[in-house]
Amino acid sequence: MKFQCRTLYIFKYHEYFNKKSFLSGDEPHYIMMSESLIQDNDFNLKNDYLLKRYQKYYSDNDLFPHVSPKLSIDGDKWYSIHPIGLPLLVALPFKYFGLPGVRVVLAMLQLASIYLFYLVLKKYTDSNLKVLVGLILLISCSAFWQNIGVVFPDLILVTALLLTILLFGRRDVLSNIILCSVMVAGLMVHTRVFIIVLPVAA
């Protein structure tokens, strides 16, 4: 009886983990942009929405198009309201490893923010106690862990912000090239990165 219950539990867990509805919010729209780039070599999503390509990785029968009225000038071109940075970032992982590959790559980039946060704390304080307290506060934040591996730009922007803080003020050429690259990449991920770019540019 115990063996049967355990087997049923494992099966249910496996079924839950592989549910198409595992994506939520804007995630399927970002993945659709990556798939359009892979399948059609463009970001025109009209055929993706009409053919319901998203049904391979999203359970809802109808996904309301997130289409920009300013960019989608004529009826044959539907361009997303979302920036192309994140879809570009996860296109290759999605092509070769599917959604698990996307989540692993994003988790690695997002978890890098812990190490970068540590470096920022070390840079601006001489107190090991303050560094330790800062890391404990970050690691104990449930909102941080809930967003690890999620196909949203937020934690990627956190990583970009921390890199910017670390690189800002350095005079060597390489640091400035990396700083500019981080800001340009951030702009492609989300327009909110202007919060970072404008003060640095000033």
Side-chain angles (χ1 to χ4, degrees), residues 19-113 116 143-164 180-201:
K19 282 177 68 175
K20 294 177 183 177
S21 58
F22 195 57
L23 291 170
S24 62
D26 291 334
E27 287 186 292
H29 301 279
Y30 283 118
I31 295 297
M32 184 183 296
M33 293 172 71
S34 295
E35 186 177 37
S36 180
L37 184 63
I38 294 166
Q39 298 286 346
D40 307 322
N41 297 312
D42 62 27
F43 287 111
N44 181 7
L45 303 179
K46 181 175 182 178
N47 60 329
D48 299 87
Y49 281 112
L50 295 181
L51 295 173
K52 298 185 178 182
R53 282 180 174 175
Y54 52 83
Q55 289 183 332
K56 291 180 289 185
Y57 46 82
Y58 190 66
S59 62
D60 284 5
N61 186 49
D62 292 308
L63 186 63
F64 184 78
H66 284 193
V67 178
S68 170
K70 293 182 181 179
L71 295 177
S72 305
I73 299 173
D74 58 73
D76 292 328
K77 297 186 184 298
W78 293 8
Y79 293 111
S80 177
I81 59 174
H82 302 292
I84 63 173
L86 191 55
L88 280 172
L89 181 65
V90 301
L92 285 180
F94 181 70
K95 179 179 180 179
Y96 293 108
F97 304 105
L99 283 174
V102 170
R103 296 202 183 279
V104 168
V105 168
L106 286 177
M108 290 172 62
L109 291 171
Q110 293 160 346
L111 286 170
S113 61
L116 294 174
F144 176 81
W145 294 105
Q146 287 169 1
N147 284 280
I148 293 294
V150 175
V151 193
F152 284 149
D154 301 74
L155 284 184
I156 298 297
L157 293 181
V158 169
T159 303
L161 172 61
L162 291 168
L163 269 172
T164 302
C180 290
S181 301
V182 168
M183 290 192 293
V184 170
L187 283 170
M188 293 177 67
V189 170
H190 204 285
T191 53
R192 280 179 296 191
V193 84
F194 272 116
I195 300 172
I196 305 170
V197 172
L198 291 179
V200 172

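Counting from 1, the numbers follow the sequence of the chain as shown. Please read these numbers as outputs of a predicted model, since none were measured by experiment.
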Contact check, side chains of [X] and [Y], non-hydrogen atoms, under 4.5 Å:
X    : Y    : value
F144 : L155 : yes
L163 : L116 : yes
F94  : I38  : yes
W78  : L50  : yes
F43  : S80  : no
V151 : R103 : yes
V150 : L106 : no
T159 : L109 : no

Item to check | Steps toward side-chain contact (heavy atoms from CB on, under 4.5 Å) verdict (M188, I84) | outcome: CA-CA 6 Å; M188 293 177 67; I84 63 173; 4.0 Å; yes
Next on the checklist: Let's go through D26 and F152 carefully: what are the C-alpha distance in whole Å and the side-chain angles of both, what is the deciding distance for side-chain contact (heavy atoms from CB on, under 4.5 Å) to 0.1 Å, and is it a yes or a no?
Outcome noted: CA-CA 7 Å; D26 291 334; F152 284 149; 3.9 Å; yes
May I ask you to decide whether [X] forms a salt bridge with [Y], counting only side-chain N to carboxylate O separations under 4.0 Å?
X   : Y   : value
E35 : K56 : yes
R53 : D40 : yes
D42 : K77 : no

Item to check | Modelled atom types, side-chain donor and acceptor of Y79 and H66, under 3.5 Å | outcome: no
Item to check | M32 and L63: CA distance, side-chain angles, deciding distance, side-chain contact (heavy atoms from CB on, under 4.5 Å) verdict | outcome: CA-CA 11 Å; M32 184 183 296; L63 186 63; 3.8 Å; yes
Next on the checklist: Determine whether L111 and I148 satisfy the following criterion, side-chain contact (heavy atoms from CB on, under 4.5 Å), listing intermediate values before the conclusion.
Outcome noted: CA-CA 7 Å; L111 286 170; I148 293 294; 3.8 Å; yes
Test your reading of the model: is there a side-chain donor-acceptor pair from [X] to the backbone of [Y], 3.5 Å cut-off?
X    : Y    : answer
T164 : A160 : yes
E27  : S24  : yes
Y57  : L99  : no
Q110 : G149 : yes
S34  : P87  : yes

